[in-house]
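Reading through the structure tokens given below for one structure.
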Amino acid sequence: MNQNPMNQTVVGIFDTAAHANQAAQQLKTAGFSLDDVDTISRDSKDGSNYYNSTNTTTEAAGDAAGRTGDSIGSFFDNLFGGDSDNASRYSHAARNSNSMVTVHCKSADHAHKAAEIMDNAGAVDVDEKAQQTGYQANAMNAGNDAKTMTAGNNEMSAKVIEEELKVGKRVEQTGGARLRSRIVERPVEASVRLREEHVTVERTAVNRPATEADFNAFKEGEIEVTESAERAVIAKEARVVEEVTLGKEVTQREETIHDTVRKTEVEVEKLGTKGVRNDQNTSNQK
């Protein structure tokens, strides 16, 4: 690893060599020099050994961990300095994964960009990986959830993640109306005046001399009178008496959404010196 204090080394751990190679290719596309990118993968024939799959000249994990699984621990010990908890957790996650990608960066912005690219390419969550494979994390480091680690000789960085509230809209059915028509019958009545004819027969007694007209009618014959009557005739006429129409009216309203968002807050606490012996006081007591 480059010993320049301004330099930083970013390490991404991957479950598959394909994801690691994809991350290396995306780093190259983003403008990172392949001389600063090193990809190593576990030997499928010997699960404890790693080999450098990119043939780069970077002396990173490819050379530090390419011999035995124990060398991985040495690599992370050197990378983290005196932070044995992080070194142990990352070493455990690396031993239970397939591949690692290391990137030498010359600035913090460069390092954050490399970490973001490897996260998007499928770098594992180190804490989750360690817990899934049986690692017991110390209480001081149980809350660390970074997927990739950024460190220099005496530098470590924490990502600040903030959620944003985005409100969208979807259409859902809230009600409606349906028109259904059917035919029903109801009794009705109406009055009408009807005319009827009836034949009546009336006999009147007469006693007078017969006249010539009477002699002319004095012969056989028939007189017929017919009767008639009116009957009610029913006819029906259909008429449109009402129209029922379905339509929609659009109204708008404003609704205020209440929710919570999360944000990472990083607190910096300065640590004082502990266990410092005052040699001057000791010599005076003598």
Side-chain angles (χ1 to χ4, degrees), residues 14-16 18-19 21-23 25-26 29-30 113 115-125 127-129 131-132 143 145-147 159-265:
F14 297 86
D15 281 329
T16 65
H19 286 161
N21 292 332
Q22 180 182 359
Q25 183 61 38
Q26 292 180 4
T29 303
K113 183 178 180 180
E116 183 178 358
I117 291 174
M118 288 195 284
D119 282 346
N120 294 335
V124 301
D125 187 308
D127 279 348
E128 290 183 2
K129 186 68 174 181
Q131 292 176 4
Q132 291 172 359
D145 61 353
K147 290 184 179 179
K159 291 184 178 180
V160 176
I161 302 175
E162 181 176 359
E163 294 179 336
E164 294 182 355
L165 182 63
K166 295 184 178 181
V167 180
K169 296 187 292 184
R170 73 172 185 271
V171 178
E172 61 182 24
Q173 183 173 341
T174 57
R178 179 185 293 113
L179 284 181
R180 181 185 291 112
S181 63
R182 66 179 185 274
I183 298 176
V184 297
E185 293 184 353
R186 62 183 179 87
V188 296
E189 63 180 23
S191 299
V192 61
R193 183 179 296 275
L194 300 177
R195 175 178 173 273
E196 293 184 353
E197 294 179 342
H198 301 279
V199 176
T200 62
V201 177
E202 183 178 353
R203 292 177 178 270
T204 304
V206 178
N207 187 8
R208 60 177 178 80
T211 65
E212 185 176 356
D214 293 334
F215 284 111
N216 291 334
F218 186 60
K219 57 182 178 181
E220 294 183 355
E222 291 182 354
I223 298 175
E224 181 177 319
V225 177
T226 59
E227 296 177 345
S228 64
E230 294 178 340
R231 297 287 184 262
V233 178
I234 298 175
K236 298 180 183 179
E237 179 184 7
R239 300 180 63 83
V240 178
V241 296
E242 186 181 5
E243 291 184 353
V244 180
T245 305
L246 282 182
K248 291 192 295 184
E249 180 184 27
V250 178
T251 60
Q252 292 185 347
R253 62 185 178 88
E254 186 170 337
E255 180 176 347
T256 302
I257 305 299
H258 300 278
D259 207 335
T260 59
V261 294
R262 298 178 298 173
K263 177 183 179 181
T264 303
E265 291 186 355

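Atom set for the values below is all heavy atoms of this structure, side chains included, hydrogens, waters and symmetry mates excluded.
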Original post:
Which atom pair, heavy atoms only, marks the closest approach of D259 to L165?
Top reply: CB-CD1, 4.3 Å

Original post:
Can you find a heavy atom in the side chain of V240 that is under 4.5 Å from one in the side chain of E242?
Top reply: no

**OP:** Begin from the C-alpha positions of M118 and F14 and carry the test side-chain contact (heavy atoms from CB on, under 4.5 Å) through to its verdict.
**Re:** CA-CA 9 Å; M118 288 195 284; F14 297 86; 4.0 Å; yes

Original post:
How long is the gap from CG on L246 to CG on L179, to the nearest 0.5 Å?
Top reply: 3.5 Å

Original post:
Checking E162 side chain against K263 main chain: does a donor-acceptor pair fall under 3.5 Å?
Top reply: no

Original post:
For V192 and A232, which heavy atoms make the closest approach, and how far apart are they?
Top reply: CG1-CB, 4.2 Å

**OP:** Please report the closest heavy-atom contact between T264 and V160, naming both atoms and the distance.
**Re:** O-CG1, 3.3 Å

Original post:
Between OG1 of T200 and CD of E227, what distance do you get to the nearest 0.5 Å?
Top reply: 9.0 Å

Original post:
Can you name the closest pair of heavy atoms from V167 and I257 and give their distance?
Top reply: CG1-CG1, 4.1 Å

Subject >> Atom pair CD/CD1 of E265 and I161 - distance to nearest 0.5 Å >> reply: 13.5 Å

Subject >> Check against side-chain contact (heavy atoms from CB on, under 4.5 Å), Q25 and T29 >> reply: CA-CA 6 Å; Q25 183 61 38; T29 303; 3.9 Å; yes

Original post:
If you measure from OG1 on T174 to CD on E172, what distance do you get to the nearest 0.5 Å?
Top reply: 7.5 Å

**OP:** Could you tell me the separation between the NZ atom of K166 and the CD atom of E163, rounded to the nearest 0.5 Å?
**Re:** 12.0 Å

Subject >> Any pair counted as salt bridge (charged side-chain N to carboxylate O under 4.0 Å, His left out), so long as it reaches residues 190-213, sequence neighbours left out >> reply: R195-E197, E196-R231, R208-D214

Subject >> Least distance between heavy atoms, I117 atom then A30 atom >> reply: CD1-CB, 3.5 Å

**OP:** Kindly determine whether H19 and V124 satisfy side-chain contact (heavy atoms from CB on, under 4.5 Å), including the steps that lead there.
**Re:** CA-CA 10 Å; H19 286 161; V124 301; over 6 Å; no

Subject >> Steps toward side-chain contact (heavy atoms from CB on, under 4.5 Å) verdict (R180, R178) >> reply: CA-CA 6 Å; R180 181 185 291 112; R178 179 185 293 113; 3.9 Å; yes

Subject >> I234, CD1: over 12 other non-hydrogen atoms inside 6.0 angstrom >> reply: no

